[in-house]
Chemist: 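Pasting a structure here, questions to come.
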There are 2 protein chains.
Amino acid sequence: MTGSVRPPSKFLAAIAQIQEMIKRDRLGPGDKIPSERELSDRLSIGRSSVREALRALELLGLIETRRGEGTFLRDFKDHQLVPLIGTFLFDGDQTKEDIHDVKAILELGCLAVLVRNETADAKELTNSVGQLIEKTDNRLLQSIWMIISNYAGNDPDDERLQKLLASAREIQYSKRQ
Amino acid sequence: MTGSVRPPSKFLAAIAQIQEMIKRDRLGPGDKIPSERELSDRLSIGRSSVREALRALELLGLIETRRGEGTFLRDFKDHQLVPLIGTFLFDGDQTKEDIHDVKAILELGCLAVLVRNETADAKELTNSVGQLIEKTDNRLLQSIWMIISNYAGNDPDDERLQKLLASAREIQYSKRQ
DNA sequence: TGAATTGTGTGGTCTGACCACTTAAAGGAA
DNA sequence: TTCCTTTAAGTGGTCAGACCACACAATTCA
């Protein structure tokens with residue numbers, strides 16, 4: 001017998017086809033996607049498998065379901081995935097130290113970005129780092145920091161902040177071509 | 001009528017309880033978790049709902065299912081969530097820049113940590129940043145970097161690396177108490 | 001001993017049946 | 001007519017049962 005590739009699970013197939021459908025029909029946040037039963041029909045996949053796919057996408061925060069109404073595309077900005085991951089990832093003991101390191105790294109980097117963009121001012125450092133990060137206008141950075149910060153707890157350490165800024169001034173991230 | 005809070009969906013309840021079970025039983029990567037039918041029994045939740053939960057966790061790369069064998073905890077290093085999210089999230093144009101920034105931030109921070117720990121040596125910089133990051137012994141940092149890096153693509157920019165190291169030397173993350 | 005067979009457990013999938021809820025249409029009272 | 005009530009249809013939420021495909025270990029048989 002040659003290869004005999006195993007076909008992808010209906011579950012994954014459903015996700016792929018739903019994604020494709022969204023893209024093809026130019027659906028955006030807030031738009032409604034077909035009902036579970038209709039999807040099951042159109043994709044020739046049992047409703048169970050369609051639901052498994054939808055639930056997974058929902059857990060990721062990519063869609064939103066409202067009983068009696070339907071399933072809607074969500075604004076990707078507020079995806080849930082990371083807090084989710086966190087609960088799994090941040091279990092161990094060592095990770096606690098790691099969190100502090102990563103948080104510091106992100107904060108430093110954030111400042112560096114601000115300095116590069118000349119958005120930041122020394123005075124503004126009286127604000128919390130959280131507010132500063134919002135100014136980076138980097139959604140990805142914001143997301144990650146928010147998550148980390150969520151697990152690190154608050155530590156308004158002004159002294160550390162000053163050191164970070166000093167370091168940040170030294171850094172010049174090369175603008176990408 | 002007062003509040004009348006809606007009970008959380010079985011789907012979410014299943015996820016929560018499975019997580020709790022994992023924590024309680026001290027299960028780690030590679031370990032097997034109860035079968036779908038047993039979970040359905042123990043949690044008093046229909047197998048369909050249990051499956052929806054498991055599929056979602058699988059999509060995140062947190063568990064792995066093998067037909068005929070069972071469901072196993074996966075090493076968090078290779079969680080799938082980001083490629084997944086990516087197809088939804090990283091469509092736009094701006095996000096692409098964000099990725100580069102975050103990647104640079106992490107790399108810089110990584111070097112700073114290495115310098116602090118006196119683990120890094122100038123010579124070692126001939127290696128890729130990826131290998132350096134492994135030495136930080138910071139799982140969280142490794143995870144995030146791997147994800148980001150996955151979307152940023154490779155750019156072996158030695159010059160940038162040198163600048164980063166110089167900056168890193170200036171930085172002294174205060175050891176946590 | 002060693003190979004083939006069987007049995008059991010597991011995930012993968014589908015179907016049909018309810019329930020709870022939302023919305024809009026249909027109906028009747030003013 | 002207008003307004004409220006009732007009804008119907010559509011949707012997600014959940015469950016139970018039934019198969020199938022597969023992996024593994026126990027059993028059987030040559």
Side-chain angles (χ1 to χ4, degrees), chain A residues 1-19 21-22 25 27 29-74 80, chain B residues 1-19 21-22 25 27 29-74 80:
Chain A
M1 215 166 298
T2 65
S4 147
V5 193
R6 197 190 303 260
S9 68
K10 301 296 181 95
F11 159 67
L12 290 177
I15 290 186
Q17 296 193 54
I18 291 173
Q19 257 180 290
M21 178 182 302
I22 291 174
D25 295 352
L27 298 183
D31 289 344
K32 184 179 178 183
I33 69 179
S35 75
E36 297 179 352
R37 290 170 177 85
E38 184 179 345
L39 282 175
S40 171
D41 251 26
R42 283 167 61 174
L43 306 182
S44 298
I45 295 179
R47 193 183 159 208
S48 333
S49 298
V50 169
R51 274 188 62 83
E52 290 177 6
L54 290 178
R55 290 289 75 72
L57 293 180
E58 184 186 21
L59 188 65
L60 291 176
L62 299 177
I63 62 176
E64 178 185 4
T65 59
R66 296 201 281 271
R67 183 194 298 203
E69 298 182 58
T71 305
F72 305 83
L73 277 186
R74 217 165 140 179
Q80 286 260 334
Chain B
M1 217 165 299
T2 65
S4 146
V5 193
R6 199 189 306 257
S9 67
K10 301 297 180 100
F11 159 66
L12 290 176
I15 290 186
Q17 295 193 56
I18 290 172
Q19 260 180 286
M21 179 181 304
I22 291 173
D25 295 350
L27 299 184
D31 289 343
K32 184 179 177 183
I33 69 179
S35 75
E36 297 178 352
R37 290 169 176 85
E38 184 179 345
L39 282 175
S40 170
D41 252 25
R42 282 167 62 174
L43 306 182
S44 298
I45 295 179
R47 192 184 160 207
S48 327
S49 297
V50 169
R51 274 188 63 83
E52 290 177 7
L54 290 178
R55 290 290 73 76
L57 294 180
E58 184 187 22
L59 189 64
L60 291 177
L62 299 176
I63 63 176
E64 178 186 4
T65 59
R66 295 200 283 269
R67 181 194 297 202
E69 299 182 56
T71 305
F72 305 83
L73 277 187
R74 223 167 136 176
Q80 285 260 335

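Quick caveat, the model's predicted, so the values are computed rather than measured. Labels below follow one simple rule: chain letters A, B, ... track the order of the sequence lines, proteins then strands, and each chain is numbered from 1.
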Chemist: How long is the gap from OG on A:Ser35 to CZ on A:Arg42, to the nearest 0.5 Å?
Modeler: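 Separation between the atoms: 9.5 Å.
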Chemist: Given atom CG of B:Leu57 and atom C1' of C:dG11, what is their separation to the nearest angstrom?
Modeler: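 Going from CG in B:Leu57 over to C1' in C:dG11 covers 15 Å.
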Chemist: Hey, does A:Ile22 have a side-chain heavy atom less than 4.5 Å from the side chain of A:Leu73?
Modeler: yes
Chemist: Go along nucleotides 6-15 of chain D 5' to 3' and tag each nucleotide: B for a protein heavy atom under 4.0 Å from its base, S when only backbone or sugar atoms are that close, - otherwise.
Modeler: ----BBBBBB
Chemist: Quick one: are A:Thr65 and A:Arg55 in side-chain contact, heavy atoms under 4.5 Å?
Modeler: yes
Chemist: With rounding to the nearest 0.5 angstrom, report the OG to CD1 distance, B:Ser9 to B:Ile15.
Modeler: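 Interatomic distance, B:Ser9 OG to B:Ile15 CD1, rounded to 0.5 Å: 8.0 Å.
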Chemist: Can you list the steps and then say if B:Met21 with B:Gln17 is a side-chain contact (heavy atoms from CB on, under 4.5 Å)?
Modeler: CA-CA 6 Å; B:Met21 179 181 304; B:Gln17 295 193 56; 6.0 Å; no
